[in-house]
Engineer: 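Below are the structure tokens for one structure; questions will follow.
FYI, side chains are in, hydrogens and waters are out, and symmetry mates aren't considered; it's all heavy atoms of this structure. Predicted model only: the values in this text are computed from it and were never measured.
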Amino acid sequence: MKTDDAPTIEDEASNDLSAEENAQVEEHLNLRPLAVYEVIRREGLDELRRPVPSLWWSGLAAGLSIGFSVVAEAALHAHLPDAPWRAIIESVGYSLGFLIVILGRYQLFTEITLTAVLPVLAEPSRKAFVALARIWGVVFAANMAGTALFAALLATRLILPPEIDAAILSLSKELAALTPTDALIRGIVAGWLIATVAWLLPSAEHSRVIIIVALTGLISLLQLSHVVSGSVEIFYLVARGELGPGTALVGFMLPLLIGNVIGGSALFALLAYGQVKDEMKEDGEETDAKAAGEAPGKKRSGPPKKAEPAKNVSRETRA
């Protein structure tokens, strides 16, 4: 008859391995969704606590850096032959700005639509929503300032060769041909993809570049719309006199912004939280039971105590 002290299959398997081999197995195990969620949630807490000047300068750097996505895509467009496969290669160039921003750990608005929302979903309060509005407002304004400055420099046509300037104008006009509804729908999918990057990076280890290039490249390949990188093209058209400021704001920027927020926050963040919230409760109950000297899984007579928040958490990743 099996007793509670009888070894489990997992115990017997672990006993067949040395301590070093067990450590290697643990190192290569994929993070379960709750662990990924916790990494991103703690990252979001760090972001919500950052001072405004830090957010501003980091967001400005992101806005300037994301402009290289447009430049790299246009350079490939200008120098590659007009073949069916050209769009695939151009999409790799589009990923350049995102590589700079994400690996450089700059503040990108569409990234914090996931990371900053998860802590608020976990513990909603008036103070949390105020902090979320603060970071969204500061980072978005800084991103737009950076992209507007980058676009103004491009519009002088003194920096890049004429063929690349012509390619930027051509690609920008393709974006401007979208209706507000098209921009909204494509913005939702683009917001989802950026949130997916943020979700995958904690367990990516040595595949971060591949993940960033593959998923952000899809935004270009599928002709989706990203509010920060797209604002470079929209501001470029405004600076060149090809598009009016009112049309740029209402017809493109606002639909892209709403779409990206819906895709990154209302959809992805809610689903990410939904898939782990029950596991969070179970882990909290087990932690409380152990702290009370009870066996894990044993029901408590009263409600579980709330676990103390972790302090001095190191920053793991920013997608």
Side-chain angles (χ1 to χ4, degrees), residues 28-33 35-37 39-40 43 62-63 65-80 83-115 117-118 143 147 167 171 174-175 178 183 185-233 256 259-265 267-269 271-272 275 316-319:
H28 288 83
L29 284 175
N30 290 329
L31 291 175
R32 63 185 178 127
V36 175
Y37 167 87
V39 169
I40 300 175
E43 179 70 19
S65 299
I66 205 71
F68 289 103
S69 283
V70 176
V71 171
E73 183 182 23
L76 291 171
H77 182 88
H79 294 296
L80 290 173
W85 48 263
R86 182 171 70 175
I88 299 175
I89 307 301
E90 288 177 8
S91 68
V92 177
Y94 180 81
S95 299
L96 178 62
F98 290 94
L99 281 169
I100 296 173
V101 171
I102 295 173
L103 297 181
R105 302 176 68 82
Y106 300 143
Q107 288 283 351
L108 185 66
F109 177 78
T110 45
E111 169 235 337
I112 62 173
T113 54
L114 173 65
T115 57
V117 167
L118 291 186
N143 286 170
T147 56
L171 293 173
E174 289 180 10
L175 176 61
L178 297 177
I185 295 173
R186 298 187 189 194
I188 292 174
V189 182
W192 182 282
L193 285 174
I194 295 299
T196 303
V197 173
W199 184 260
L200 293 179
L201 286 185
S203 54
E205 294 186 1
H206 305 295
S207 304
R208 295 187 175 191
V209 171
I210 295 175
I211 288 173
I212 295 170
V213 171
L215 293 182
T216 59
L218 276 177
I219 296 175
S220 171
L221 186 61
L222 301 179
Q223 297 184 341
L224 303 176
S225 305
H226 182 268
V227 66
V228 182
S229 63
S231 68
V232 178
E233 297 171 283
L256 289 181
N260 286 172
V261 170
I262 292 175
S265 296
L267 294 180
F268 196 98
L271 290 175
Q275 71 169 316
E316 295 289 341
T317 181
R318 180 183 301 148

Engineer: Answer whether the closest heavy-atom distance between the side chains of L108 and F98 falls below 4.5 Å.
Structural biologist: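 Side chain of L108 against side chain of F98, heavy atoms only: contact under 4.5 Å found.
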
Engineer: Just by distance, do the side chain of S220 and the backbone of T216 share a donor-acceptor pair under 3.5 Å?
Structural biologist: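 Not confirmed, S220 side chain does not pair with T216 backbone.
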
Engineer: What distance separates I211 CD1 from S95 OG, expressed to the nearest 0.5 Å?
Structural biologist: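 I211 CD1 to S95 OG: 12.5 Å, rounded to 0.5 Å.
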
Engineer: Side-chain contact, heavy-atom cut-off 4.5 Å: I219 with I194?
Structural biologist: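 Yes. Closest side-chain heavy atoms under 4.5 Å.
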
Engineer: Taking only residues two or more places apart in sequence, or in another chain, which ones meet S225 in a side chain to side chain donor-acceptor pair (under 3.5 Å)?
Structural biologist: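 For S225, no residue satisfies side chain to side chain donor-acceptor pair (under 3.5 Å) once neighbours in sequence are set aside.
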
Engineer: Enter the distance from I100:CD1 to I66:CD1 here, rounded to the nearest 0.5 Å.
Structural biologist: 8.0 Å

Engineer: If only atom types and distance count, is the side chain of T147 paired as donor or acceptor with the main-chain N or O of V232 below 3.5 Å?
Structural biologist: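 A pair under 3.5 Å: no.
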
Engineer: Within the structure provided, determine whether H77 and E73 are in side-chain contact (heavy-atom separation under 4.5 Å).
Structural biologist: no

Engineer: List the atom of T110, the atom of H226, and the distance in Å for their closest heavy-atom pair.
Structural biologist: OG1-NE2, 2.7 Å

Engineer: Taking all non-hydrogen atoms of both residues into account, name the closest pair between N143 and Q107 and its distance.
Structural biologist: ND2-O, 3.1 Å

Engineer: With side chains defined as the heavy atoms from C-beta onward, is the minimum distance between L200 and L215 less than 4.5 Å?
Structural biologist: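 Side chain of L200 against side chain of L215, heavy atoms only: contact under 4.5 Å found.
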
Engineer: If I compare all heavy atoms of I40 with all of P202, which pair ends up nearest, and what's the gap?
Structural biologist: CG1-CG, 4.0 Å

Engineer: Are the side chain of S91 and the backbone of L221 linked by a donor-acceptor contact shorter than 3.5 Å?
Structural biologist: no

Engineer: Rounded to the nearest 0.5 Å, how far apart are CG of L96 and CG of L76?
Structural biologist: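 It is 9.5 Å, given to the nearest 0.5 Å.
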
Engineer: Roughly how far, to the nearest 0.5 Å, is CD1 of I212 from CG of L103?
Structural biologist: 4.0 Å

Engineer: If every non-hydrogen atom of A72 is compared with every non-hydrogen atom of G93, which pair is closest and at what distance?
Structural biologist: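 Closest pair (atom of A72, atom of G93, distance): CB-O, 3.2 Å.
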
Engineer: Does some side-chain heavy atom of L99 sit less than 4.5 Å from a side-chain heavy atom of V213?
Structural biologist: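 When only atoms from C-beta onward are counted, L99 and V213 do touch, with a gap below 4.5 Å.
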
Engineer: Could you tell me the separation between the CD1 atom of I102 and the OG atom of S65, rounded to the nearest 0.5 Å?
Structural biologist: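 Rounded to the nearest 0.5 Å, the CD1-OG separation comes out at 11.5 Å.
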
Engineer: Is there side-chain contact between L201 and V197, with at least one heavy-atom pair below 4.5 Å?
Structural biologist: yes

Engineer: Would you say N260's side chain and V227's backbone share a donor-acceptor pair under 3.5 angstrom?
Structural biologist: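 Indeed, once roles are kept as given, a pair shorter than 3.5 Å links the two residues.
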
Engineer: For residues L80 and W85, determine if any side-chain heavy atom of one lies less than 4.5 Å from a side-chain heavy atom of the other.
Structural biologist: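 L80 vs W85: side chains touch.
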
Engineer: Does the side chain of F109 reach to within under 4.5 Å of the side chain of V261, using non-hydrogen atoms?
Structural biologist: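 Yes, close enough: below the 4.5 Å cut-off.
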
